[in-house]
Amino acid sequence: MRGWWREISGLVLPATCEGCGAARTALCAGCAGELAGVGAGEGGGGGRVRPLPEPEGLPLVHAALPYEGVVRELLIAHKERGALGLVGPLGGALARAVEGAVRAVGGVGGRPLLLVPVPSSRGSVRARGHDPTRRVALAAASRLRRAGRPARVVPVLRQRRAVADQAGLGARGRRANLAGALEVVPGGARLLAGGRVVLVDDLMTTGATLAEAARALGDGLRGAGGGFVRAASHSAFRPASRPVLRSAFTSGAAERPRSDFAQHEFEQRVAAVIASSPASFEINRNSSETWIVAGGER
């Protein structure tokens, strides 16, 4: 309700830019350009990000932009103040991060992109009047489709128990708070067959939320697939053996080859976020594989 009231009032009251406060516009050209990565070089200011310490089970994460300045103000305005007019530009930034994530692991081989948003609690959705992560994921999928990439949002994760407010918690506290908090909805695993799964969120801080989401997805696929086991951090879902899938994926008792989930066997888990802390970009300079900084790979 709050989001709709904000949009209605914006038709009557003078608007100011959510990023810098400039008058007579909800998003000025300068802030829109910064969100789009204009002038940031190849990659639009994005790249792979890693928090320190890195939580166990964290997938390979790409962020579109550092979480600072204008980007921080725009994310807060959309998430906490219901600035729904920002969803298009934010969706564009998330779409860039998704593209970067799948490109880093060799593409998708013609399969559709399945964007799995990190779920918000019912309480936060009620308080905010909208689900910001799911809304931006839908905008990102739309942007990807317009660019010729088959993509859709598959909201198969949900909270299985209540969690405390993450604000003020450190890395260890967030991991403890979220441990075992997410699960795949009944029947959700079969919706992921035939596509390239990408976890999506608006922001990464300690990485605890994305690590828990990856664990829940792994457990859901393993439980549904009859033999899939979750491997170590940055690894794939590997089958313990090679049986056919049973009726977990069929409406009757007939068997079918487990090829519906073959794409998950040796694929690296990936995630995409709009923004992450500037320091998480800097950490990548210490990687022995590649240096990824704002502006591309070096």
Side-chain angles (χ1 to χ4, degrees), residues 37 40 43-68 71-72 75 79 90-108 113-119 132-134 136-137 140-141 144 151 153-154 157 166 171 174-175 178 182 196-218 230-237 264 267-298:
R48 184 176 176 181
V49 288
R50 294 173 176 168
L52 186 66
E54 184 174 344
E56 181 181 355
L58 183 72
L60 185 152
V61 186
H62 267 243
L65 296 156
Y67 185 63
E68 59 185 354
V71 174
R72 180 179 181 275
L75 278 171
K79 188 171 188 174
L90 290 172
L94 182 58
R96 291 203 317 275
V98 170
E99 291 273 21
V102 297
R103 187 167 53 245
V105 293
V108 297
L113 290 167
L114 306 179
L115 309 189
V116 178
V118 171
T133 303
R134 186 168 179 175
V136 173
L144 290 163
V153 176
V154 190
L157 290 177
Q166 297 274 77
R174 289 184 179 221
R175 289 197 298 271
L178 290 167
L182 302 180
R196 205 339 166 173
V197 176
V198 183
L199 282 165
V200 294
D201 204 353
D202 57 350
L203 173 67
M204 184 181 76
T205 49
T206 67
T209 302
L210 287 173
E212 169 59 17
R215 179 210 60 78
L217 271 181
R230 184 165 54 90
S233 176
H234 301 318
S235 62
F237 301 112
H264 295 301
E267 286 186 332
Q268 196 168 22
R269 287 170 286 172
V270 296
V273 297
I274 297 170
S276 184
S277 71
S280 66
F281 287 88
E282 297 295 323
I283 289 169
N284 290 298
R285 295 181 178 181
N286 299 323
S287 170
S288 59
E289 301 170 359
T290 183
W291 294 357
I292 304 178
V293 297
E297 298 186 7
R298 295 182 185 174

Kindly indicate whether the side chain of [X], heavy atoms from C-beta on, has any atom under 4.5 Å from the side chain of [Y].
{"X": "Lys79", "Y": "Leu203", "result": "no"}
{"X": "Val200", "Y": "Pro117", "result": "yes"}
{"X": "Leu60", "Y": "Arg48", "result": "yes"}

Which distance, rounded to the nearest 0.5 Å, do you find between the [atom1] of [X] and the [atom2] of [Y]?
{"X": "Leu210", "Y": "Met204", "atom1": "CG", "atom2": "CE", "value": "7.0 Å"}
{"X": "Leu217", "Y": "Glu212", "atom1": "CG", "atom2": "CD", "value": "10.0 Å"}
{"X": "Leu182", "Y": "Leu157", "atom1": "CG", "atom2": "CG", "value": "6.0 Å"}
{"X": "Thr209", "Y": "Leu58", "atom1": "OG1", "atom2": "CG", "value": "10.5 Å"}
{"X": "Ser276", "Y": "Glu68", "atom1": "OG", "atom2": "CD", "value": "11.0 Å"}

Which heavy atom in [X] sits nearest to a heavy atom in [Y], and how many Å separate them?
{"X": "Val118", "Y": "Ala213", "value": "CG2-CB, 4.3 Å"}
{"X": "Gly47", "Y": "Phe281", "value": "N-CE2, 3.7 Å"}
{"X": "Pro59", "Y": "Ala271", "value": "CG-CB, 3.9 Å"}
{"X": "Ala93", "Y": "Ala64", "value": "O-CB, 3.2 Å"}
{"X": "Glu56", "Y": "Ala211", "value": "O-CB, 3.7 Å"}

Using a strict 4.0 Å threshold on nitrogen-to-oxygen distance, state whether Glu99 and Arg96 make a salt bridge.
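So Glu99 does not pair with Arg96 through a salt bridge.
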Test side-chain contact (heavy atoms from CB on, under 4.5 Å) on Val116 and Leu199 and set out the steps.
CA-CA 5 Å; Val116 178; Leu199 282 165; 4.0 Å; yes
Stepwise side-chain contact (heavy atoms from CB on, under 4.5 Å) test for Val273 and Val61
CA-CA 7 Å; Val273 297; Val61 186; 4.2 Å; yes
Once side-chain hydrogen bond (donor to acceptor under 3.5 Å, both in side chains) is applied, do any residues pair with Thr133, and if so which ones, sequence neighbours excluded?
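For Thr133 the side-chain hydrogen bond (donor to acceptor under 3.5 Å, both in side chains) partners, ignoring immediate neighbours, are Asp201.
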Option among Leu94, Val136, Val154, Val198 that satisfies the side chain to side chain contact (heavy atoms under 4.5 Å, CB included) test with Leu115:
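Of all the options given, the one that passes is Val198.
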Arg215 backbone acceptor or donor facing Arg269 side chain under 3.5 Å:
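No, because the side chain of Arg269 does not come within donor-acceptor range (under 3.5 Å) of the backbone of Arg215.
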